[in-house]
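Everything below concerns the one structure shown next.
The analysis underlying the following values was restricted to heavy atoms, covering all of them including side chains, and did not include hydrogens, waters or symmetry mates. Throughout, protein chains are lettered first and strands after them, A, B, ... in sequence-line order, and every chain is numbered starting at 1.
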Amino acid sequence: MISHTMKRYLAKLADHLNVVIAPDHPLLFNGPDVLLSLPGSVVGLFVASKHEISNPVGLLVRLALTRYAYPQNLRCALILDAQEKLAETDVIRNFHDVFKKATTTRELVSFVKHETANPSRVHKIPPPLRDAFRSRYLSAEHISRKNFIRFNVGHQKTDRIRSKDRNGIRDGTPLTLLPWLESSRKSYSTAVFLEPQTASLVSTVSSDSRRKYIAGVRKAVDHSIRGRFIMDYGVPYPSSVSAPMFLVLSDYQPFTWDPLKVLRATAFVGWALLADGSQNNLSQESILYSHLQGQIERRVELLTSDGPTDDDGDEGE
Amino acid sequence: MSTLSRRLATMKALVHSCSAISTHPGAYSTICSEFDDTAKARDSSPEARRLLLQVLHSTRALDTALKVFVRFHSITVRKPSLGGYLHALTTHSLAHLRQLPQTRRDDFQNTIVRPRNKYLHEAGTNPSNHHEILSLLSEMQVCLIEVLNL
């Protein structure tokens with residue numbers, strides 16, 4: 001959250017730069033706090049929340065996802081209070097630059113214009129890492145869309161799209177939550193569980209209220225993503241082989257300005273959405289998830305190794 | 001600032017930061033005007049007209065951005081249309097620019113090009129509700145971001 005003091009400071013920058021406070025990216029729940037742009041240049045400013053100052057993992061996760069979601073020319077800068085503990089940690093080496101809140105407008109404008117005197121040691125994300133991250137996102141998104149797309153695009157007139165109204169996937173068997181998961185979720189509403197048969201991670205989000213629903217989705221995303229990356233000079237390396245992940249929703253509640261935001265932002269961190277009580281089979285979906293991920297990765301490998309293909313497909317208009 | 005305005009402001013910043021577009025005379029301001037008109041269309045009525053206007057302005061922003069992008073990179077386009085630009089971005093052989101994966105091109109063909117063509121070219125077709133159009137607009141935004149990411 002940007003303070004009033006910070007907003008006044010940013011207002012001064014607006015004379016020199018294009019300033020976007022709290023930018024909204026279609027793939028991210030949480031990204032940079034501010035975007036500053038000039039022709040050919042864009043900077044994401046991060047202001048650590050109190051929680052992120054005491055536990056910087058959250059800040060690094062926000063940085064990692066931002067670097068995967070935004071174009072590669074995005075540079076990331078951290079804004080710190082003079083006495084902030086983060087200044088003495090390794091966290092700051094993952095940002096292109098760090099500025100004190102008292103930084104002059106001229107310094108920041110100069111940074112956005114690439115006129116910084118201290119070139120950053122932050123590296124670009126290597127293409128294979130980008131491709132692997134992307135293949136996971138697309139696999140999860142494909143499954144989520146298969147389950148929910150008919151309701152997102154114009155078949156319902158209400159804001160709340162209930163899973164019980166949807167047409168089931170015909171070739172599956174009903175997804176009845178396993179007894180251990182059913183009993184566990186009563187006490188841990190947003191915990192993430194390992195499903196033993198398919199080695200998938202499963203979480204559930206109920207939706208008694210819209211506020212709880214959004215908080216539940218975000219918590220599940222946070223749970224799963226922490227520990228997924230090892231940051232090395234701004235490059236988010238995956239820390240382990242990731243299992244398929246399924247987020248079981250009791251219904252799909254779209255954001256009013258972007259009905260697909262929940263679907264995309266959860267898929268971006270690897271969650272495929274399933275409808276609670278619907279005709280999805282966890283084993284089949286898990287196999288499909290892994291299959292899609294492998295298929296997309298192979299296509300990307302072919303693309304990068306064999307050059308362009310001679311495709312005469314329909315170009316449409 | 002409303003959430004839709006923040007989304008469109010984010011899109012404008014990303015277009016601004018893309019040298020291929022921002023160095024083209026007039027392209028950035030033209031694309032921004034279309035994003036602004038997408039937001040302004042919220043005040044139009046009845047709903048069917050509002051939704052069609054949003055599709056129109058949003059697709060003009062996307063079409064123009066892709067056209068300028070492929071021209072900047074001197075990519076040969078067989079057909080100057082949204083589908084044609086996506087095809088060209090999938091099949092080009094430039095070493096300094098990654099190709100748009102075929103799977104994504106297919107996705108965008110289904111989620112953007114076909115519904116957009118239906119609404120803009122077929123008389124009497126109107127979106128059934130605002131979810132459908134807001135989804136289409138967000139697909140266009142994702143498409144533009146993916147191209148800027150190549």
Side-chain angles (χ1 to χ4, degrees), chain A residues 18-27 31 35-43 69-74 127 130-131 134 138 141-142 145 149 151-157 159 161 254-261 264 295-296 299-300 303-304 307-317, chain B residues 1-4 6-10 12-19 21-23 28 78-79 81-88 90-93 98-99 101-107 109 111 113-117 121 127-139 141-142 145 148-149:
Chain A
N18 178 30
V19 179
V20 184
I21 298 174
D24 181 55
H25 190 290
L27 302 178
L35 280 184
L36 304 175
S37 70
L38 279 173
S41 175
V42 61
V43 167
Y70 276 85
Q72 296 176 59
N73 64 340
L74 177 84
R130 242 175 212 282
D131 293 341
R134 179 199 186 93
L138 294 178
E141 196 200 35
H142 179 89
R145 277 175 187 268
I149 193 69
F151 294 91
N152 291 325
V153 187
H155 291 272
Q156 297 284 318
K157 290 189 176 176
D159 279 345
I161 299 167
F255 285 14
T256 44
W257 77 101
D258 180 357
L260 297 176
K261 172 99 180 190
R264 279 200 205 96
Q295 205 176 41
I296 295 168
R299 282 189 195 174
V300 170
L303 202 68
T304 48
T309 54
D310 184 19
D311 187 350
D312 289 318
D314 172 29
E315 290 179 30
E317 283 193 42
Chain B
M1 194 186 264
S2 75
T3 40
L4 178 63
R6 286 196 292 116
R7 168 67 61 83
L8 295 174
T10 305
K12 286 198 270 186
L14 295 181
V15 171
H16 200 206
S17 73
C18 174
S19 301
I21 298 172
S22 59
T23 54
Y28 172 65
R78 292 193 307 200
K79 193 174 175 186
S81 62
L82 184 52
Y85 301 136
L86 292 173
H87 177 81
T90 307
T91 55
H92 73 81
S93 54
R98 293 163 70 75
Q99 290 173 324
Q102 180 69 36
T103 47
R104 292 309 275 162
R105 181 197 153 202
D106 294 344
D107 290 343
Q109 196 73 29
T111 58
V113 179
R114 287 194 183 130
R116 182 206 66 159
N117 287 351
H121 296 169
S128 55
N129 66 47
H130 67 278
H131 273 138
E132 182 181 353
I133 293 309
L134 290 172
S135 297
L136 176 56
L137 301 192
S138 72
E139 297 284 8
Q141 292 150 11
V142 170
I145 289 174
L148 299 179
N149 244 331

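Contact between B:L14 and A:Y70 at its shortest, heavy atoms only, is CD2-CD2, 3.5 Å. Annotation for A:A22 and B:R6: closest pair O-NH1, 2.6 Å, computed over non-hydrogen atoms. Counting all heavy atoms, side chain and backbone alike, B:R98 lies closest to A:P127 at NH1-CB, 3.3 Å. Of all heavy-atom pairs spanning B:L134 and A:P259, the tightest one is CB-CD, 3.5 Å. Nearest heavy-atom pair, B:S138 versus A:L260, reported as atom, atom and distance to 0.1 Å: OG-CD1, 4.1 Å. Closest approach of A:R134 and B:P101 over heavy atoms only: NH2-CD, 3.3 Å.
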Trace of the side chain to side chain contact (heavy atoms under 4.5 Å, CB included) decision for A:V20 with B:K12: CA-CA 9 Å; A:V20 184; B:K12 286 198 270 186; over 6 Å; no
Derivation and outcome, side chain to side chain contact (heavy atoms under 4.5 Å, CB included), residues A:N73 and B:S17: CA-CA 8 Å; A:N73 64 340; B:S17 73; 3.9 Å; yes
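With hydrogens and angles disregarded, no donor-acceptor distance shorter than 3.5 Å links the side chain of B:T10 to the backbone of A:H25.
Note that OG1 of B:T3 and CG of A:D258 are 9.5 Å apart. Values are rounded to the nearest 0.5 Å. Separation of atoms CD (B:Q141) and CG (A:L27) is listed at 10.5 Å; rounding is to 0.5 Å.
Contact check on B:D107 versus A:R145 returns no salt bridge, with no Lys/Arg side-chain nitrogen under 4.0 Å from an Asp/Glu carboxylate oxygen.
Both the backbone and the side chain of B:L148 come within contact range of chain A, each with at least one heavy atom under 4.5 Å from a heavy atom of that chain.
Ranked by heavy-atom pairs under 4.5 Å with chain B, the first of A:L74, A:L35, A:L38 is A:L38. Interface remark: of the candidates A:G40, A:S41, A:A69, A:G40 forms the most heavy-atom pairs closer than 4.5 Å to chain B.
For A:S37, the side chain to side chain contact (heavy atoms under 4.5 Å, CB included) partners at least two apart in sequence or on another chain are A:N18, A:V42, B:A13, B:H16.
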